[in-house]
Amino acid sequence: MAFLVQQHSLHGAGRKTRKTRYSARVAAKNTGRLFPACLVALVICVCLAKFLSALSSQALWIGARSRVVSSWESSATAIAVPPRPVAPLKMVRFGGDLSRRSPELGDDLKSEVFKNETDSENKSRPEIHAAISTEYDPPPGNEYSIRKSRQFAVAEIEAPKPKSVISCDDKSKDEGFPYARPIVCHMSGDVRVDPASSSVTLMAPLQRGEAAAPRRIRPYARKDDFLLPLVREVAVRAAASEGVAPRCNVTHHGVPAVIFSIGGYTGNFFHDMADVLVPLYLTSFHFKGKVQFFVANYKQWWIQKYKPVLRRLSHRDIVDFDSDSDVHCYDHVILGLVRDRDLILGHHPTRNPKGYSMVDFTRFLRHSYGLRRERPLVLGETSGKKPRMMIISRRGTRKVLNLRRVAGMARELGFDVVVSEAGGNVKRFAATVNSCDVLVGVHGAGLTNQVFLPTGAVVVQIVPWGKMEWMAANFYGRPAAGMKLRHVEYHVAAEESSLTRRYPREHVVFRDPMAIHGQGWQALADIVMTQDVKLNLRRFRPTLLHALDLLQE
C-alpha cells in the first residue's frame, strides 16, 4: 500500500512537472510573438512623434515668417529667420474692375526712401492685388482655392515696394533748342493719381529741410507763355503719411501711367504731331502698349481722330483726366511728355536712350494706319507708270492763286497730279499721301503730312517771301531729312507775293523783312504769314524737273 501511495505521488509530481514545462513552453512561444508586435508599435510611435514634431516646427516657422514680414513692413526690427528660397512671384488680382481705366534728372523734389506698407492697411479698397508664389499655383479650375487663402499669401510673400523718387527735367534750353524745354517729371514708388484734385502724390517721408509745398506742372510738350490759359495745371507733391494723401480705389501693378494735355495748340496738324504725337511716341513706345494714358484738356473728337496711333501706343482705355473721379495708384508715373525738336528726333542719353529716329516714327505711323507703301516709284522701273504728285491746296492764307496752271504744268512734265486740301479723315488722307511720290505745298501745317510719305519720296516746299529760310528749314526741311525724304525748296520772289498789293515796295517788309521778325511772332503772323503766292511758271518749272530727277536716283 505504501508503495502504491508512493507511486501515485511520484506520478502526480511528474504530471505537475510536465504541466509546468508545458506552461513554460507556451509562455515562451507567446513571448516570441509579442516582441515583434511591440517593436512595430514602438516604430509607429517614433514616426508619429517625428511627424507631429515636424508639423509643430512648420507652424512655428510660418508664424515666425509672418512676424518677420509684418515687422519689415512696419519698419521695426525684423526677427532673425534663416533664409529660405522663394519661388518666382506673379501678381493676382481679386475682385474689382480695372476696365475703367527718361528725361534728365533735375534737383527739385527728389527723395529716396523705402515705401513700407502692408495690404492690411487697405482693407477698405474694393480690390486686392497680391503677390502669389508660383510654387503654390493650383491646377486650372481651382482658382477658388487662391481666393480662399489670399490673406495667407499676402502675409507670407508680399513683395517690397520700390524706392520713392521724384525727378524732374528743369532745363529751359540746351543743345541749340530754340524754345524753352517743357518740364517732365518721373515718379516711382507708391504714386497716386487723383484727377478730381488735379494732383499726383508720391508717398514718401519728407527729408529734413525739404519743402512740402506742391509743384505745379502744365503737361504739354511746348513751353510757351501763350499756353498758360490753354493747358490744365497738375500739382506734384510728396506726402509723408496716409492722412494727407488721397486713398487708392483703383490699383495698377506693373503698368506705368503717362499724364499729358491735348490743350495748347492742338487742332493744328503740325502741333498735333510736334507737340503731342511725336513726344508721346518718344515717351511711351518702349512700354510696348503696356501703359495707361491720362489726358488733360480732354477732347473726344481729338482722341477719335488719332485713335489708331493712340491704340498702338497703349492697349488700355484712355482716362479722361478732367472728369474721372477715381484715385489710381501706380508704381511709376510720368507727368508730361519728353520732347526733342519740332518733328525731329535726335540721339540723347536721357531724352532718347533707345535712339528712336523719325524714320522709326514714320514707320510706326504707317503701321498704325495700315499704309503699305514704304518706298516711292523709281522712274523707268515700271514701264508706263507715272510718278504721282500731290499738291496741297489751302483755303485760308498762303494759297497758290494759280493752282490749276501749276497742276497743268506738272502733268505736262509727266506727273500724275492729285490736288487736295489736308484735313478731314486722317486715315483716308494719309492713304492718299502714301500713294504719292512727290508732295508739293506752301510752307504751313499741310506739309506735316510728309510723315505719311514712303521713305525716299520728294517734298517740294514753297517758301513765302519774308526771310522765311530758318522756319522753312527747321519746321519741314530738317524733319524731312530725318525721315529720309528728299527735300526741295522754292523761294518765292517779291513779285510772286500778294504782299505787293498791300504794301508799297519801299515798305520795310520788302526793304528789311528781318525787322518784321524782330517785332515778334504776332507781327510776323499778321504780315508775312498772311500772304498768298502766284507762282511764276517759268521760274517754278526747274524745281519740278529737279523733283523728277531725284526719283531716278
Side-chain angles (χ1 to χ4, degrees), residues 102-104 106 168-185 217-227 231 258 260-266 268-286 306 309 313 334 336-365 439 441 443-453 455 459 461 463 467-487 489 517 520-521 524-525 529:
S102 308
E104 301 156 29
C168 295
D169 178 1
D170 291 312
K171 292 197 173 183
S172 58
K173 291 184 180 181
D174 65 318
E175 302 173 14
F177 187 71
Y179 308 112
R181 192 175 298 284
I183 297 174
V184 181
C185 290
I217 307 294
R218 296 183 188 275
Y220 185 76
R222 183 181 292 273
K223 194 171 183 179
D224 188 332
D225 291 340
F226 291 102
L227 293 172
V231 179
V258 176
F260 62 96
S261 169
I262 56 173
Y265 299 135
T266 55
N268 174 287
F269 190 61
F270 172 82
H271 288 287
D272 288 346
M273 283 288 168
D275 297 356
V276 181
L277 297 180
V278 175
L280 186 61
Y281 169 83
L282 186 59
T283 304
S284 65
F285 183 68
H286 63 281
Y306 297 109
V309 179
L313 288 173
I334 302 173
L337 299 177
V338 181
R339 179 193 180 94
D340 200 331
R341 305 189 189 190
D342 293 325
L343 303 179
I344 294 175
L345 292 179
H347 290 277
H348 195 278
T350 54
R351 286 197 302 274
N352 188 9
K354 300 288 186 180
Y356 295 130
S357 67
M358 285 302 294
V359 173
D360 297 324
F361 177 73
T362 55
R363 185 182 300 115
F364 160 79
L365 283 182
L439 182 68
H443 173 88
L447 280 176
T448 310
N449 288 280
Q450 65 185 345
V451 296
F452 302 122
L453 285 171
T455 303
V459 178
Q461 180 179 189
V463 185
K467 293 294 181 181
M468 299 284 289
E469 289 84 354
W470 183 90
M471 297 177 68
N474 283 278
F475 291 168
Y476 301 108
R478 289 187 59 196
M483 300 173 203
K484 294 195 180 305
L485 303 173
R486 274 78 68 87
H487 178 255
E489 290 182 359
H517 289 258
W521 170 253
L524 188 67
M529 303 298 285

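Keep in mind that the numbers below use all heavy atoms, side chains included, and drop hydrogens, waters and symmetry copies. Sequential numbering from 1 along the given sequence is applied to the chain's residues.
In this view, Ser261 and Asn297 satisfy the side-chain hydrogen bond (donor to acceptor under 3.5 Å, both in side chains) rule, not counting sequence neighbours. Applying the ring-ring contact (aromatic ring centres under 6.0 Å, His included) criterion to Phe260, with sequence neighbours excluded, gives Phe293. Asp360 is linked by a side-chain contact (heavy atoms from CB on, under 4.5 Å) to Tyr281, Tyr356, Ser357, Arg363, counting only residues two or more places apart in sequence or in another chain. For His517, there are no side-chain hydrogen bond (donor to acceptor under 3.5 Å, both in side chains) partners two or more places apart in sequence or in a different chain. For Gln450, there are no side-chain hydrogen bond (donor to acceptor under 3.5 Å, both in side chains) partners at least two apart in sequence or on another chain. Under the rule for a side-chain contact (heavy atoms from CB on, under 4.5 Å), the partners of Leu227 that lie at least two apart in sequence or sit in another chain are Tyr220, Arg222, Asp224, Leu230, Val231, Tyr265. By the side-chain hydrogen bond (donor to acceptor under 3.5 Å, both in side chains) test, Tyr476 is found to be paired with no residue, residues two or more places apart in sequence or in another chain being considered.
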Next item on the list: Assess whether side chain to side chain contact (heavy atoms under 4.5 Å, CB included) is satisfied between Leu439 and Phe452, documenting all intermediate values.
Entry: CA-CA 10 Å; Leu439 182 68; Phe452 302 122; over 6 Å; no

Next item on the list: Using the side chain to side chain contact (heavy atoms under 4.5 Å, CB included) rule, take Phe364 and Val309 through it: C-alpha gap first, then chi angles, then the decisive distance, then the call.
Entry: CA-CA 8 Å; Phe364 160 79; Val309 179; 3.7 Å; yes

Item checked: Check against side chain to side chain contact (heavy atoms under 4.5 Å, CB included), Asp340 and Asn352 -> CA-CA 9 Å; Asp340 200 331; Asn352 188 9; 5.6 Å; no

Next item on the list: Please lay out, stage by stage, how Leu343 and Val278 fare under the test side chain to side chain contact (heavy atoms under 4.5 Å, CB included).
Entry: CA-CA 7 Å; Leu343 303 179; Val278 175; 4.2 Å; yes

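Contact detail for Val359 and Lys484: the closest heavy-atom pair is CG2-CG, 3.6 Å. Scanning both residues, Ala445 and Asn268, for their nearest heavy atoms gives CB-OD1, 3.6 Å. Contact record, Val338 with Thr283: N-OG1, 2.8 Å, taken as the closest heavy-atom pair. Residues Ile217 and Pro219 approach most closely at O-CD, 3.4 Å, considering heavy atoms. Across Leu337 and Val276, no two heavy atoms sit closer than the pair CD1-O, 3.8 Å.
Distance CZ/Arg339 to CZ/Arg351: 11.0 Å, rounded to 0.5 Å. In this structure, Glu469 CD and His443 NE2 are separated by 11.0 Å, a value rounded to the nearest 0.5 Å. The structure places CE of Met468 at 11.0 Å from CD of Glu489, a figure rounded to the nearest 0.5 Å. Considering SG of Cys168 and CD1 of Ile183, their distance stands at 7.0 Å, rounded to 0.5 Å. The structure places NE2 of His271 at 9.5 Å from OG1 of Thr266, a figure rounded to the nearest 0.5 Å. Separation of atoms CG (Leu277) and CG (Leu313) is listed at 8.0 Å; rounding is to 0.5 Å.
When atom types are taken as modelled, the side chain of Gln461 and the backbone of Leu447 share no donor-acceptor pair closer than 3.5 angstrom.
Ring geometry, Phe270 versus Phe475: the interplanar angle falls from 30° to 60°, so the pair is classed tilted.
Between Leu524 and Met471, the closest side-chain pair of non-hydrogen atoms falls below 4.5 Å.
Salt bridge status for Arg478 with Asp342: absent, with no side-chain N to carboxylate O gap under 4.0 Å.
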